[in-house]
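The structure under discussion appears below in the form of structure tokens.
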Amino acid sequence: MKLIDDGFMTFDYRLPIYNWFFPINYNEISESTREKIGVNNFNIFNYAGSDPKFRALYFHIPFCEAICTFCPFSREITTDSQMYEDYTNALIREIEIKSQYSNVSSYPISSIFFGGGTPSILKPEQIKRIGEAIHKHFDLSQIKEFNYECHLTTVTEDRLKVLKEIGVTHARMGVQTFHPEYRKFFNLVEDTNIIYEKVGLLKEYFDYVSVDMLYGMHGQTIDDFIRDLHHVVSLGTPTIDVYPINNVVTQVKLSKELREKNMEATTGFSKSQFNVLLRNYMKENGYHPHNGHGYVKVGKDILKENPVVNDTYRFQYHEAHYGYKGHEIIGFGSGAYSVMDGYIIGNTNVTKKYVKGLLEDDHIDMKLNEFDESICESKGISFHLPYHGEAEKAKINFDKVRPEVLTRLQEVIDKGLVEEDETHYRLTELGWNWYGNLLYYLSPNSEQEALDNYIDRGSKQKNRFMEDSNINLNYELQQEEEEEEEEELELV
Ligand code: SF4
């Protein structure tokens with residue numbers, strides 16, 4: 001990826017992905033660390049998480065009633081009620097065991113996120129017991145938000161009452177699109193009236209309700225996109241997240257079906273233009289960005305002032321995910337990851353193994369990984385700045401930021417993508433348009449290499465039908481060459 005000289009089209013390539021864990025480059029723990037930990041994997045928490053600055057908890061509920069074809073998450077179809085019960089008990093056991101480690105439980109929690117899968121698939125009584133265990137074993141005195149993902153078909157009043165009781169403040173729901181054909185492709189409930197009904201119910205219970213939308217699907221026209229925006233804005237939720245589809249991780253089946261219908265992949269070039277349209281459309285409807293893809297309803301004063309991003313709302317969970325050194329997530333559940341300075345710890349994603357291990361032996365198969373802690377100091381520049389639109393200098397030890405990150409930071413300042421004042425770096429509106437690219441461009445070399453490999457591996461999968469991510473500004477030249485070729489052929 002290179003910076004180019006063309007005003008708005010600042011890069012020669014638009015990254016086809018827009019979120020990932022930092023770091024993506026890590027190694028299995030060394031033998032000496034393994035020896036210190038012994039056979040009990042949980043002992044890694046004697047070392048991980050010793051200097052936290054911000055803490056979030058993540059709880060993974062892997063069950064779904066049906067599999068959506070765009071979805072990259074760790075999940076499985078299960079309607080077995082005994083499995084839900086066993087999983088609930090295993091999750092509570094994991095909470096009890098992990099919280100015995102002071103590195104896990106002594107620091108106050110700022111954010112909680114229940115994701116999946118479908119967290120709202122559990123019975124109210126099961127949700128209640130997990131909530132009680134969290135309250136019992138963690139310090140929630142500083143909690144700023146408690147998020148719970150709800151799926152359309154499982155939003156019921158008895159569940160919402162319990163969510164309220166356990167302290168949930170933010171209900172989140174994936175809508176993705178209102179377009180009947182794409183809903184079919186994505187394997188989503190086809191009757192869109194249910195979206196209005198369930199979002200209405202969520203709004204009765206929670207001040208914060210957020211919905212997710214996708215754009216840039218193969219074959220999507222600007223007309224389709226505007227229709228989707230029209231419908232999602234009419235839901236009137238306080239926040240709306242609108243993401244470009246990540247074709248590296250969607251199901252190959254989806255790719256194949258779209259190809260069979262001759263639906264062209266939306267290019268990186270076009271996705272950039274969709275994003276410009278999106279910002280304008282949302283602004284005219286009273287929403288303003290609070291990060292690269294999240295919009296919040298704001299007052300007229302903010303709309304008039306039109307900052308690049310506004311700070312009336314901040315998604316706290318992403319303060320951990322896209323934060324600074326010491327901003328950490330501790331994960332619970334099958335397939336859940338804990339991301340802490342120097343360590344990435346993944347629970348087995350084989351749900352039966354996860355449940356059996358905990359219920360029979362107080363054990364979880366974990367992937368225990370380490371990484372060079374020095375790259376954590378780069379996270380404020382590499383991740384917080386592009387994602388949240390600003391980075392506070394006082395939170396970064398610049399002596400420890402990777403030199404190549406600082407060199408590239410200066411390049412994007414010179415290009416007008418980032419501005420600097422005494423206390424902060426901030427994205428310009430041009431920089432905001434390219435936030436996904438900046439996540440990559442401002443990352444350490446080792447991260448860039450790992451991302452290149454990840455994108456390369458995903459895009460070369462059999463039957464995957466990806467967009468052209470190159471920003472091609474040489475259309476006229478190519479046309480001339482084609483015309484010349486045709487003339488020569490006629491002569492022959
Ligand atoms: S989007 Fe949600 S409901 Fe659909 S497969 Fe993924 S986790 Fe399950």
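Numbering starts at 1 and runs along the sequence shown. This one's a predicted model, so the numbers in the text were calculated from it and none came from an experiment. Every number for a ligand or one of its atoms is a count from 1 in the order of the listing.
Relative to the six-membered ring of Phe332, Lys98 meets both conditions, a distance below 6.0 Å and an angle of at most 45° to the axis. For the pair Arg172 and Phe315, the cation sits on the ring face: its NZ or CZ lies under 6.0 Å from the ring centre, inside 45° of the axis.
Scanning the protein heavy atoms around atom 8 (Fe) of ligand 1, the nearest turns out to be Cys64 SG, 2.3 Å. From the protein, the heavy atom lying nearest to atom 6 (Fe) of ligand 1 is Cys71 SG, 2.3 Å. Here the protein heavy atom with the shortest distance to atom 2 (Fe) of ligand 1 is Gly117 O, 3.8 Å.
The distance from atom 8 (Fe) of ligand 1 to the nearest N/O/S atom of Cys68 is not under 2.8 Å.
Which parts of ligand 1 touch His151 is read off a 4.0 Å heavy-atom cut-off, strictly below it: atoms 3 (S). Listed by number with element, the atoms of ligand 1 under 4.0 angstrom from any heavy atom of Thr118 are 3 (S). Atoms of ligand 1 found under 4.0 Å from any heavy atom of Phe70 (numbered from 1 in listed order, with element): 1 (S). Which parts of ligand 1 touch Gly116 is read off a 4.0 Å heavy-atom cut-off, strictly below it: atoms 7 (S).
Between Lys136 and Glu96, no side-chain nitrogen of the basic residue sits less than 4.0 Å from a carboxylate oxygen of the acidic one, so the salt-bridge criterion is not met.
Under the 4.5 Å side-chain criterion, counting only non-hydrogen atoms from C-beta, Val249 is not in contact with Phe70.
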Item to check | From CA spacing to verdict: ring-ring contact (aromatic ring centres under 6.0 Å, His included), Tyr243, Tyr18 | outcome: CA-CA 8 Å; Tyr243 302 93; Tyr18 54 84; 5.4 Å; yes
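The shortest separation from a heavy atom of Gly174 to ligand 1 is not under 4.0 Å, leaving the residue out of contact.
Judged by distance alone, the side chain of His218 and the main-chain N or O of Phe465 form a donor-acceptor pair under 3.5 Å.
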